[in-house]
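Working notes, beginning with the structure itself.
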Amino acid sequence: MHRRADEIPAPEAPTLTLGRAARDFLARDDLDGGTVRSYGQTLRRLRLSLGEELPLDSLTAGQVARVFRTAWGEAAAATWNRHRSAVRSFCAWASLEDLAAGLDRRAATPNRTETIDAARLDALWNLPGVPLRELTLWRLLHESTAGVTTVLSLNVEDLDLDDRRARAGGGWVSWRSGTARLLPRLLAGRTRGPLFLADRRPGPARAPTPADLCPETGRGRLSYERAEYLFKRATKPLDPAGHGYTLRQLKPRG
């Protein structure tokens with residue numbers, strides 16, 4: 001019996017998949033909420049494109065490069081470099097070869113972002129059929145002059161509606177009357193969780209971190225990519241070039 005027992009092969013260790021490794025990486029205690037959101041966007045795109053069950057040891061730099069070209073090939077240098085840094089951090093944590101080896105760091109170009117002029121802003125505020133979430137986000141970005149990432153990171157419990165401001169990191173995001181009229185309707189009685197929510201609840205494979213999940217509705221935080229896409233699509237009719245504007249162009253002149 002001992003001989004037969006010795007002949008039984010030992011069970012193989014479970015294969016570490018891309019999905020499992022990404023979840024473990026993002027669950028670390030040494031990452032703050034902003035870093036988790038940033039890294040999570042990069043790894044979510046890799047998981048969606050390459051599959052949750054892809055064995056981690058079969059992931060190649062070529063596969064990562066193809067995902068980057070498809071998802072962020074035309075992105076600004078800062079966006080491209082941010083996702084590239086996330087991949088390199090993931091590789092260091094997982095003791096993988098540098099999967100960003102085929103991704104050159106992009107040089108930042110001078111900021112030539114043009115703001116949307118007053119006439120087109122007026123047309124934007126009066127576009128028919130714009131959902132309340134989008135209109136509130138656009139107004140808040142314009143009136144506060146805060147960055148898009150900062151505004152999307154706001155939580156309901158951080159709002160001070162009476163003083164028209166919200167705590168954001170070590171400072172404040174303030175707004176004016178246009179946003180003040182919209183915010184109570186957007187909150188609809190919610191008292192905590194992300195201010196700007198995604199359209200629907202996330203599936204099991206895309207579960208956000210607790211900080212990015214609304215405990216009252218079960219929906220996750222609206223992503224930068226989705227917010228940008230919706231704004232560009234909505235503003236195509238207003239843009240003489242027909243491309244649509246970016247959320248950064250909502251900052252007032254000066």
Side-chain angles (χ1 to χ4, degrees), residues 18-20 22-28 31-49 51-52 71 79 82-83 86 127-144 146-161 164-169 173 175 178-235 246-248 250:
L18 173 59
R20 175 59 187 272
R23 289 190 291 273
D24 290 347
F25 174 68
L26 296 173
R28 294 155 50 198
L31 299 180
D32 59 35
T35 302
V36 170
R37 281 191 291 274
S38 179
Y39 286 178
Q41 291 171 359
T42 308
L43 294 174
R44 185 181 303 118
R45 176 57 59 184
L46 291 175
R47 291 155 64 186
L48 288 173
S49 300
E52 289 278 334
T79 300
R82 173 170 58 85
H83 290 298
L127 279 176
V130 175
L132 176 62
R133 181 190 65 186
E134 272 65 67
L135 188 57
T136 308
L137 173 62
W138 303 346
R139 276 281 190 177
L140 181 50
L141 286 169
H142 177 67
E143 294 182 357
S144 69
V148 182
T149 302
T150 298
V151 169
L152 289 174
S153 72
L154 294 178
N155 294 317
V156 176
E157 56 266 37
D158 298 327
L159 303 182
D160 183 341
L161 297 181
R164 297 181 179 179
R165 64 179 186 171
R167 174 69 69 180
V173 171
W175 54 85
T179 304
R181 287 192 296 268
L182 297 169
L183 275 175
R185 293 167 51 200
L186 180 69
L187 296 178
R190 289 188 292 127
T191 59
R192 51 192 181 138
L195 174 58
F196 295 102
L197 296 175
D199 297 306
R200 56 182 65 89
R201 295 182 179 182
R206 302 183 64 180
T209 62
D212 291 324
L213 190 67
C214 175
E216 298 176 4
T217 67
R219 290 152 59 193
R221 189 183 303 274
L222 178 64
S223 70
Y224 190 120
E225 290 83 357
R226 180 64 176 169
E228 192 75 87
Y229 165 77
L230 292 173
F231 185 65
K232 185 173 288 289
R233 186 178 68 176
T235 55
T246 67
L247 291 168
R248 288 188 178 91
L250 282 168

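In this text the structure is predicted, and so the values were computed from the model without any measurement.
- Proximity of a side-chain donor or acceptor of Ser144 to a complementary backbone N or O of Leu140 within less than 3.5 Å is detected.
- Annotation: the span from Leu197 atom CG to Asp212 atom CG amounts to 10.5 Å, rounded to 0.5 Å.
- If you take CG on Leu250 and CD on Glu143, they are separated by 11.0 Å, rounding to the nearest 0.5 Å.
- Residues satisfying the side chain to side chain donor-acceptor pair (under 3.5 Å) test with Arg219, not counting sequence neighbours, are none.
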Check the pair Leu137 / Leu152 against side chain to side chain contact (heavy atoms under 4.5 Å, CB included), numbers first and verdict last.
-> CA-CA 8 Å; Leu137 173 62; Leu152 289 174; 4.0 Å; yes

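- Here the closest heavy-atom approach between residue Ala234 and residue Leu127 is recorded as O-CD1, 3.8 Å.
- In this structure Glu225 satisfies the salt bridge (Lys or Arg N to Asp or Glu O under 4.0 Å) test with no other residue, sequence neighbours excluded.
- Here the side chain of Glu228 pairs a donor or acceptor atom with the backbone of Leu247 at under 3.5 angstrom.
- Between Gly218 and Pro202 the shortest heavy-atom distance is O-CD, 3.4 Å.
- Among all heavy-atom pairs drawn from Leu154 and Ala168, the shortest one is CD2-CB, 3.9 Å.
- Sorted by first and then second residue, the pairs that involve residues 128-141 and meet side-chain hydrogen bond (donor to acceptor under 3.5 Å, both in side chains), not counting sequence neighbours, are Arg133-Asp199.
- Qualifying side chain to side chain contact (heavy atoms under 4.5 Å, CB included) partners for Ala211, counting only residues two or more places apart in sequence or in other chains: Thr209.
- Residues forming a side chain to side chain donor-acceptor pair (under 3.5 Å) with Glu157 (at least two apart in sequence, or on another chain): none.
- Nearest heavy-atom pair across Ala166 and Leu159 is CB-CD2, 3.6 Å.
- Put simply, CD on Gln41 and CZ on Arg82 are 5.0 Å apart, with the number rounded to the nearest 0.5 Å.
- The salt bridge (charged side-chain N to carboxylate O under 4.0 Å, His left out) contacts involving residues 186-198 comprise Arg192-Glu216, where partners must be two or more places apart or lie in separate chains.
- Closest heavy-atom contact between Gly51 and Leu18: O-CD2, 3.9 Å.
- With sequence neighbours excluded, the residues forming a side chain to side chain contact (heavy atoms under 4.5 Å, CB included) with Ser153 are Arg37, listed by chain and number.
- Heavy-atom neighbours of Arg201 CZ from other residues, nucleotides or ligands within 6.0 Å: at or below the threshold of 12.
- With sequence neighbours excluded, the residues that form a side chain to side chain contact (heavy atoms under 4.5 Å, CB included) with Ala71 are Arg45.
- To the nearest 0.5 Å, the span separating CG on Leu161 from OG1 on Thr179 amounts to 11.0 Å.
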Is there a side chain to side chain contact (heavy atoms under 4.5 Å, CB included) between Leu195 and Leu183 once you walk through the steps?
-> CA-CA 9 Å; Leu195 174 58; Leu183 275 175; 4.1 Å; yes

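- Annotation: side chain to side chain donor-acceptor pair (under 3.5 Å) contacts of Asp24 (sequence neighbours excluded): Arg20.
- Taking the side chain as every heavy atom from C-beta outward, Thr79 and Tyr224 never approach each other to under 4.5 Å.
- For Arg167, the side chain to side chain contact (heavy atoms under 4.5 Å, CB included) criterion is met by Asp158, Trp172, not counting sequence neighbours.
- Shown here are the side chain to side chain donor-acceptor pair (under 3.5 Å) partners of Thr42, two or more places apart in sequence or in another chain: His83.
- Between Trp175 and Ala180, the closest heavy-atom pair is CD1-N, 3.8 Å.
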